[in-house]
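Everything numeric in this text was worked out from a predicted model, so none of it was measured.
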Amino acid sequence: MFRAQAASQASAERERGTAVIVGMRQEELMYPPTGVYWIETASPAAFPRLAGDISVDVAVIGGGLVGAIAARLIKDQGLRVALVEARSVGQEVTGKSTAKITSQHNLVYTRLRNRFGMDGARSYAEANEAGLRKILALAADHQLAADIEIKAAYTYTLLEEHVGSIEEEVQLARELGLPATLAMETGLPFAARAAMRWIDQAQFHPVKFVAGLAATLPGEGSHVFEQSRVLDWDSSRVVTAKGAIKAGHVVMATQLPLGQTGAYYARNYPHMHPVIAGQADPGRVPEGMYISVEQPRHSLRSHRTADGRPFLIFTGPSYKPGHADEARKAFAEIEGFARDHFGVQASYRWTNEDYTPMDGRPFIGWSSRQDGLLVATGFDAWGISNGAAAAMIICDLLTGRENPWADFFDARRLDVAHGAKQFVKGNAAVAAELVGGHLASTPRDAEALSPGEGAVLKINGEKMAVFRDETGQLHSLAAACSHLGCLLGWNEFDRTWDCPCHGSRFGLDGEVIHGPATEPLKTGVTG
């Protein structure tokens, strides 16, 4: 109930051009002043907290798209499943995406063929096409009101130097059986040098889909729990603050596996995207979904609200978590693109995080440490179709069925040969952050912070994460990430503290938004 009231209050305050903070505990904060479009246009889910101990066949940690689909498929095999979400089902990484359901992932197939041959490219193509179709089938089978629309997906370029790459990708896609053609017209308000068009792709409302699918799970020994952060785990047990789940198997469907699990934090590198949404003139809404080849990367799609108003959702160039100056530049760039070409003014702004795997393919399956956990991570900003495919692979592995793509995505691999350069570069960046961190242009002392502003400051010789709320009160936390100690950075758009090393994110109260960190930040004194 409170979340719905807070979302409504946030919308009203935004219309008046003001912003408020309700209390200081993260679960009591309203959405940031400009909010997340998908969260504000969906009714909040209403699942209980875990209280007490239960027993199931499979426990699934993480209530996003991967977790919800995996839990549904596992239950369909006659097993009892418990889906456990630390915050709100469907409202974290999945609920902050652009939510394109497509097997067209820019120029991915040429890259995969060059690294892994045609068999590798084919495995990725088949898995993502199957993931796309599985989402559509689940929505139909369970009559989910998820605003699904069949759309064409376009990848385009404005530069002559990329024309050959698009032509090569189209030819390869057709050899792989994918629905690709070269396109002369895109429907965009500017001329592209070249584009490829894939038919029979789709888009949806991610929060409505995940929450709706999760709602089909409870009963017959299966459960869904929200606001139930997992604090400890092994291959047969999941522990939260208020209860525990005994399970035959545990699936970690968090964006990055928690804690030290499999050391995936050392083989996947975080990056952030600015995301904006704004109401559009109906006559200026293009008919498809789009992404550019060149940087700065532009991605867009449309959506209509319940009362029929068209919105456009855009993502822009990526940047490293916790780097405030880069974030501002990225938002300025994508807002300029939306305004200049579509006449859209952003009324929603938020950030989303993705992980790039060191060798260019997701990690799906049994954990590389062979600790009995199943994991899915490293989707490189294409987590919708990849996520559905991951859920299918995990279900097959759990039930002993053959899966044609499991070997290609095998999470136990350590394929340094195909990712050595990225591995060295990524871990060198982590080392730099551990030593000194990235300090953007920020006030020199706490007194210079404006209401609603945060910064990492040195206070009494210690680096502190300091935030001044709208009442003028200062709040401070230890600025070292509780995962491995990297210096955090301020995210002024989401009002979070973000780790540039491994992507953990923390709320204003220090609580974990998502990991790999599992422990909150320590509180501090501002002096």
For [X] versus [Y], what's the shortest heavy-atom pair and its separation?
X      : Y      : result
Val251 : Val58  : CG2-CG1, 4.0 Å
Cys395 : Ile74  : SG-N, 4.0 Å
Val230 : Trp233 : CG1-CE3, 3.8 Å
Gly316 : His273 : O-ND1, 3.7 Å
Cys499 : Pro321 : O-CB, 3.5 Å
Tyr264 : Thr261 : CD1-O, 3.2 Å

Counting only heavy atoms not in [X], do more than 12 fall under 6.0 Å of its [atom1]?
X      : atom1 : answer
Glu220 : CD    : no
Glu492 : CD    : yes
Glu462 : CD    : no

### Task
Step by step, work out the salt bridge (Lys or Arg N to Asp or Glu O under 4.0 Å) result for Glu333 and Lys329.
CA-CA 6 Å; Glu333 203 286 327; Lys329 291 176 183 177; over 6 Å; no

#### Entry: Test side-chain hydrogen bond (donor to acceptor under 3.5 Å, both in side chains) applied to Thr254 - qualifying residues, sequence neighbours left out
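In terms of side-chain hydrogen bond (donor to acceptor under 3.5 Å, both in side chains), with neighbours along the sequence ignored, Thr254 is linked to no residue.
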
### Query
Is Arg72 salt-bridged to Asp76, cutoff N-O under 4.0 Å?
yes

#### Entry: Carboxylate-amine/guanidinium proximity below 4.0 Å for Arg237 and Asp232
yes

Quick one, [X] and [Y] - any side-chain contact, counting heavy atoms below 4.5 Å?
X      : Y      : answer
Val81  : Val56  : no
His298 : Ile334 : yes
Gln91  : Glu85  : no
Trp382 : Asn128 : no
Ile69  : Phe209 : yes
Glu353 : Val93  : no
Ser97  : Ile384 : yes
Leu484 : Tyr265 : yes

Are the side chain of [X] and the backbone of [Y] linked by a donor-acceptor contact shorter than 3.5 Å?
X      : Y      : result
Lys320 : Pro500 : yes
Thr94  : Leu65  : yes
Ser228 : Leu50  : yes
Ser504 : Ala517 : yes
Arg80  : Gly221 : no
Thr377 : Gln255 : yes
Glu226 : Val89  : yes
Asn106 : Val108 : no
Lys75  : Leu217 : yes
Arg361 : Phe408 : yes

### Message
Determine whether the interatomic SG-SG distance for Cys486 and Cys501 falls below 2.5 angstrom.
### Response
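With an SG-SG separation under 2.5 Å, Cys501 and Cys486 do form a disulfide.
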
### Query
Can Arg413 be said to sit on top of Phe363's aromatic six-ring, NZ or CZ under 6.0 Å from centre and within 45° of the ring axis?
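Because its charged atom sits under 6.0 Å from the ring centre and within 45° of the axis, Arg413 does stack over Phe363.
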
### Query
For Phe331, is the NZ or CZ atom of Arg349 found under 6.0 angstrom from the centre of its six-membered ring and inside 45 degrees of the ring axis?
no

Hey, what do you get for [atom1] ([X]) to [atom2] ([Y]), rounding to the nearest 0.5 Å?
X      : Y      : atom1 : atom2 : answer
His249 : Leu79  : NE2   : CG    : 8.5 Å
Thr523 : His475 : OG1   : NE2   : 12.5 Å
Asp498 : Met272 : CG    : CE    : 4.5 Å
Tyr269 : Met358 : OH    : CE    : 5.5 Å
Ile394 : Leu73  : CD1   : CG    : 10.0 Å
His303 : Gln203 : NE2   : CD    : 8.0 Å

### Query
side chain to side chain contact (heavy atoms under 4.5 Å, CB included) between Arg468 and Glu453: does it pass, once the steps are laid out?
CA-CA 6 Å; Arg468 186 185 295 278; Glu453 186 179 8; 5.8 Å; no

### Task
Determine, step by step, whether Ser476 and Val466 satisfy the side chain to side chain contact (heavy atoms under 4.5 Å, CB included) criterion, reporting the C-alpha distance in whole Å, the side-chain angles of both residues, the deciding distance to 0.1 Å, and the verdict.
CA-CA 4 Å; Ser476 68; Val466 184; 4.2 Å; yes

Any residue meeting ring-ring contact (aromatic ring centres under 6.0 Å, His included) with [X], in chain and number order, not counting sequence neighbours:
X      : value
Trp490 : Phe467, Trp497
Tyr319 : none
Phe225 : His223

### Message
Assess the residue pair Ile291 and Arg297 against the criterion (side chain to side chain contact (heavy atoms under 4.5 Å, CB included)); give the C-alpha distance rounded to whole Å, side-chain angles, the decisive distance to 0.1 Å, and a yes or no.
### Response
CA-CA 7 Å; Ile291 190 167; Arg297 189 66 45 79; 3.6 Å; yes

### Task
List for me each residue that meets salt bridge (Lys or Arg N to Asp or Glu O under 4.0 Å) alongside Lys208, sequence neighbours excluded, and say none if there are none.
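Salt bridge (Lys or Arg N to Asp or Glu O under 4.0 Å) list for Lys208, sorted by chain: Asp147.
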
### Message
Checking Arg229 now: which residues fulfil salt bridge (Lys or Arg N to Asp or Glu O under 4.0 Å) with it, not counting sequence neighbours?
### Response
none

### Query
Have Ser385 and His105 got a donor and an acceptor in their side chains that come within less than 3.5 Å?
yes

### Task
In sequence, state the C-alpha distance, the side-chain angles, and the governing distance for Asp354 and His271, and then conclude on side chain to side chain contact (heavy atoms under 4.5 Å, CB included).
CA-CA 6 Å; Asp354 291 296; His271 51 96; 3.5 Å; yes

#### Entry: Sole candidate of Ile135, Leu213, Val210 that passes side chain to side chain contact (heavy atoms under 4.5 Å, CB included) when paired with Leu144
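The residue from Ile135, Leu213, Val210 that satisfies side chain to side chain contact (heavy atoms under 4.5 Å, CB included) with Leu144 turns out to be Leu213.
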
### Query
Does the salt bridge (Lys or Arg N to Asp or Glu O under 4.0 Å) test come out yes or no for Arg505 and Asp494, once each step is laid out?
CA-CA 10 Å; Arg505 306 185 72 190; Asp494 293 344; 2.8 Å; yes

